[in-house]
Novice: 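This is the structure, below, for whatever I ask next.
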Amino acid sequence: MSQKQVHIFDTTLRDGEQVPGCKLNTKEKVELALALEELGVDIIEAGFPISSPGDFESVTELSKILKKVSVCGLTRAVEKDIEVAAQALHYAKRPRIHTGIGTSEYHIKGKFNSTEDEILQRAIQCVKWAKNFVDDVEFYAEDAGRTRNEYLARVIEAVIKAGATVVNIPDTTGYCLPYQYGDKIAYLVNNVPNIDKAIISCHCHNDLGLATANSIAGVISGARQIECTINGLGERAGNTSLEEVVMVMKQHKDLGYHTNVNSKLLNPLSRLVSETMRMPVQPNKAIVGSNAFSHSSGIHQDGFLKSAITYEIIDPEEVGADTSKIVLTARSGRSALAHRFQKIGYQFTRNDIDVLYDKFLKVADSKKEVDNNDLVKLAEAHVSVVA
Ligand code: KIV
Ligand code: ZN
């Protein structure tokens with residue numbers, strides 16, 4: 001099967017940076033952007049230039065230094081925003097303006113006190129303004145997840161006619177179920193006559209924990225760009241996590257998609273983002289959490305030690321993680337105990353392990369995790385009794 005490329009649009013430095021406490025200065029943005037470029041993302045959303053002088057400066061600097069990726073600046077459907085973004089992107093080798101407006105009833109009535117027809121005209125207008133400055137214009141239909149498909153299709157057809165090269169269909173509130181989001185993308189593929197002139201992009205938020213599933217559903221229905229962040233950072237419950245979508249496509253080769261991302265850099269970059277943005281990664285986070293390759297229950301440990309594939313679908317090396325860990329808790333079994341003793345230089349017989357296991361369980365019941373110091377004490381006490 002020939003592989004279809006899915007573009008990775010990283011918005012760690014824009015949507016991710018909107019998280020309270022995660023604000024980045026220009027130096028930090030430069031460091032992360034260079035690491036994202038090395039990772040192999042295709043587009044970096046560098047910031048929202050009109051939002052502050054600091055962000056304008058960051059987008060300008062990134063435009064100067066990034067050579068391989070497209071550099072993108074966010075705007076509202078406001079002429080001044082677009083002019084300022086164009087200035088900030090002036091030095092970029094591949095500049096992209098990301099402009100758009102809310103298209104759901106909640107936004108049209110609740111935010112703009114407007115009508116569908118007026119919003120349609122504003123959508124067309126903002127793309128035309130952006131086209132005066134750059135060739136590559138991405139249009140976002142904010143809250144597309146809750147926008148009527150018929151109206152969304154009208155807007156998307158019109159903005160492509162106005163010159164949009166990428167059409168972003170955000171599930172801004174993380175409301176959609178995967179089949180609904182997939183159906184929405186399929187609806188656009190089947191009902192927008194000029195859809196072949198643009199790339200469809202997924203931008204899914206994680207309010208119901210469905211951002212990764214929704215993005216993949218979008219790709220299966222025909223989207224060819226995913227907007228995502230390292231560690232899933234972003235507004236509220238966050239955005240689609242980059243490492244997750246990349247590894248879903250890598251693990252499920254049968255789907256026929258590939259990205260340019262070098263997966264071996266995922267864990268080091270996750271740590272760099274976490275440290276720079278002062279935002280810890282939850283231990284059970286897929287791909288990059290500290291427990292993502294730890295085994296602690298006896299049944300799992302026994303299977304894993306016999307053959308890793310029984311309980312691990314990804315080789316940690318493939319995602320740049322430390323080797324798999326056998327963690328000793330009160331739920332661990334004899335094979336895990338023997339394995340850990342062996343790792344610190346004690347080769348015990350089956351009978352020894354039977355004796356040691358009872359003692360180990362007493363320690364394990366009194367602690368969350370049994371460490372090497374505990375093991376040395378158990379081993380030395382055992383050796384002195386046997387000797
Ligand atoms: O979530 C959203 O709709 C956005 C847009 C600005 C693209 O972040
Ligand atoms: Zn967003």
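Keep in mind that this is a model prediction, so the values were computed, not measured. Order of listing sets the numbers, starting from 1, for every ligand and every atom in it.
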Novice: Should Glu227 be listed as contacting ligand 1, given a heavy-atom distance under 4.0 Å as the test?
Specialist: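 So Glu227 does not count as touching ligand 1.
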Novice: Out of Phe360, Tyr346, Phe341, Phe348, which residue meets the ring pair (Phe, Tyr, Trp, His ring centres under 6.0 Å) rule with His382?
Specialist: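 Per the ring pair (Phe, Tyr, Trp, His ring centres under 6.0 Å) rule, the option paired with His382 is Phe348, out of Phe360, Tyr346, Phe341, Phe348.
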Novice: What do you get for the angle at the Zn ion (ligand 2) between NE2 on His203 and OD2 on Asp15, to the nearest 10 degrees?
Specialist: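 So the angle at the metal works out to 90°.
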Novice: Does atom CD (Glu380) have a neighbourhood of more than 12 heavy atoms from anything else shown, all under 6.0 Å?
Specialist: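 Enclosed.
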Novice: Do Ile97 and Glu138 have side-chain heavy atoms sitting under 4.5 Å apart?
Specialist: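 With C-beta onward as the side chain, the pair stays apart.
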Novice: What part of Asn168, side chain, backbone, both or neither, has a heavy atom within less than 4.0 angstrom of ligand 1?
Specialist: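 Side chain only; the backbone of Asn168 stays clear of ligand 1.
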Novice: For this output row, return yes or no: ring centroids of Phe304 and Tyr311 closer than 6.0 angstrom.
Specialist: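 No; Tyr311 has its ring centre 6.0 Å or more from that of Phe304.
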Novice: Quick test of your reading of the structure: of Glu45, Arg14, His203, whose heavy atom lies closest to atom 6 (C) of ligand 1?
Specialist: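 Nearest heavy atom to atom 6 (C) of ligand 1 lies in Arg14.
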Novice: Pairs of nitrogen or oxygen atoms closer than 3.5 Å, one from Glu142 and one from ligand 1: do any exist?
Specialist: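 Glu142 vs ligand 1: no N/O contact under 3.5 Å.
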Novice: For Thr11, which part has a heavy atom under 4.0 Å from ligand 1: side chain, backbone, both, or neither?
Specialist: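 None of Thr11 does.
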Novice: I need the nearest protein heavy-atom contact for atom 3 (O) of ligand 1: residue, atom name and distance, please.
Specialist: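 Ranked first by proximity to atom 3 (O) of ligand 1 is Thr172 OG1, 2.7 Å.
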Novice: For ligand 1, note which part of His205 has a heavy atom under 4.0 Å away: side chain, backbone, both or neither.
Specialist: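 Looking at His205 and ligand 1, just side chain atoms fall under 4.0 Å.
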Novice: Looking at His98, which atoms of ligand 1 are within less than 4.0 Å of one of its heavy atoms?
Specialist: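 Going through ligand 1 atom by atom, the ones under 4.0 Å from His98 are 7 (C).
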Novice: Is the closest side-chain heavy-atom distance between Asp81 and Phe48 below 4.5 Å?
Specialist: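 In short, these two side chains touch, coming nearer than 4.5 Å.
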Novice: Does the pair Asp117/Arg154 count as a salt bridge with the N-to-O cut at 4.0 Å?
Specialist: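 Yes, Asp117 and Arg154 are salt-bridged.
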Novice: Would you mind reporting whether Lys250 and Glu318 have side-chain heavy atoms less than 4.5 Å apart?
Specialist: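 Contact flag for Glu318/Lys250 side chains = yes.
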